[in-house]
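First the structure, in the form of structure tokens, and then the observations on it.
Small disclaimer: the values here were computed from a predicted structure and weren't measured.
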Amino acid sequence: MTTPAPEPPATARAGELAERLGMAGRRAVQSVLDWALAVGVGVFAALVAGLIAIPLVQWGWVPPKLILWGPAITFLAVTQACDIVIQIWVPVRRNGVTPGMLVMGLRVQTLRGGRPKARAYLIRWVLLTVDGLLLGLVAVVSIVATKRRQRIGDLVARTLVVRADDVP
């Protein structure tokens, strides 16, 4: 009888790196899906605002600049409001899952395995500005470099993003 040789350390490190990159990829797709949802709602609201502004300008009730500024401001405000709802309110109500996380099979939990409070989601959302620097490269490097695969927002909020099927 021969015993199988233990896996060389280099192979184990390569497998761990692949797993870390896989989690970074899943989180990147999740982030894009959540952002696309917010932007889509913002675009729809801007189109509606533009359709409302056109007759108002034609009738002389508002200045012509409203055709440009009305939809632009509406887009920015609605997109920001949707992002807040998606990143804070939805996970609080749906056990740590945003729409993008639902699609990718991920969820947020505390370091102890519990449900995060709204404050933790607010911290994570505020620090998305830092994590999103250089088109998300800061977040990817942070996820790959940290032991628990956390981005900066997760580190400060003391949360983890885990696969939904890994959580009891």
Side-chain angles (χ1 to χ4, degrees), residues 4-46 72-168:
E7 187 176 63
T11 306
R13 283 194 303 258
E16 183 180 337
L17 180 61
E19 181 182 334
R20 288 176 182 270
L21 289 173
M23 177 58 93
R26 280 190 295 279
R27 291 188 66 182
V29 171
Q30 167 261 314
S31 182
V32 168
L33 290 172
D34 287 338
W35 185 243
L37 178 60
V39 169
V41 173
V43 166
F44 179 75
I73 292 170
T74 301
F75 169 77
L76 293 174
V78 170
T79 300
Q80 189 69 26
C82 283
D83 191 47
I84 291 170
V85 168
I86 290 168
Q87 298 296 332
I88 299 172
W89 187 77
V90 171
V92 167
R93 305 285 294 167
R94 296 193 39 91
N95 201 20
V97 179
T98 67
M101 288 180 174
L102 184 64
V103 170
M104 297 307 295
L106 301 171
R107 66 184 275 182
V108 180
Q109 69 180 28
T110 63
L111 293 178
R112 295 183 181 206
R115 292 177 64 172
K117 304 234 185 275
R119 181 176 149 263
Y121 292 113
L122 178 64
I123 291 168
R124 287 170 44 87
W125 176 75
V126 167
L127 289 175
L128 270 175
T129 56
V130 174
D131 290 322
L133 292 175
L134 301 174
L135 297 175
L137 184 62
V138 172
V140 171
V141 169
S142 176
I143 291 168
V144 172
T146 58
K147 181 179 177 183
R148 294 179 179 145
R149 297 183 291 256
Q150 296 170 290
R151 62 178 180 82
I152 295 169
D154 291 323
L155 290 168
V156 175
R158 297 185 183 131
T159 58
L160 297 168
V161 174
V162 296
R163 289 186 181 201
D165 55 347
D166 291 347
V167 178

Closest contact, heavy atoms only, [X] versus [Y]:
X: Met23; Y: Leu106; value: SD-CD2, 4.0 Å
X: Ala46; Y: Phe75; value: CB-CB, 3.8 Å
X: Val161; Y: Val108; value: CG2-CG2, 4.1 Å
X: Leu127; Y: Ile152; value: CD1-O, 4.1 Å
X: Pro99; Y: Ile86; value: CD-CG2, 3.9 Å

For the side chain of [X] and the backbone of [Y], is there at least one donor-acceptor N/O pair under 3.5 Å apart?
X: Ser142; Y: Gln150; value: yes
X: Arg148; Y: Leu111; value: no
X: Asp34; Y: Gly100; value: yes

Point-to-point distance, once rounded to the nearest 0.5 Å, from [atom1] of [X] to [atom2] of [Y]:
X: Ile143; Y: Arg149; atom1: CD1; atom2: CZ; result: 10.0 Å
X: Ile123; Y: Arg158; atom1: CD1; atom2: CZ; result: 8.5 Å
X: Arg27; Y: Met101; atom1: CZ; atom2: CE; result: 6.0 Å
X: Gln30; Y: Thr98; atom1: CD; atom2: OG1; result: 4.5 Å
X: Ile84; Y: Thr79; atom1: CD1; atom2: OG1; result: 11.0 Å
X: Gln87; Y: Cys82; atom1: CD; atom2: SG; result: 11.5 Å

Do [X] and [Y] come close enough that some side-chain heavy atom pair is under 4.5 Å?
X: Arg115; Y: Asn95; answer: yes
X: Leu33; Y: Leu37; answer: no
X: Val78; Y: Phe44; answer: no
X: Pro116; Y: Thr159; answer: yes
X: Leu122; Y: Trp125; answer: yes

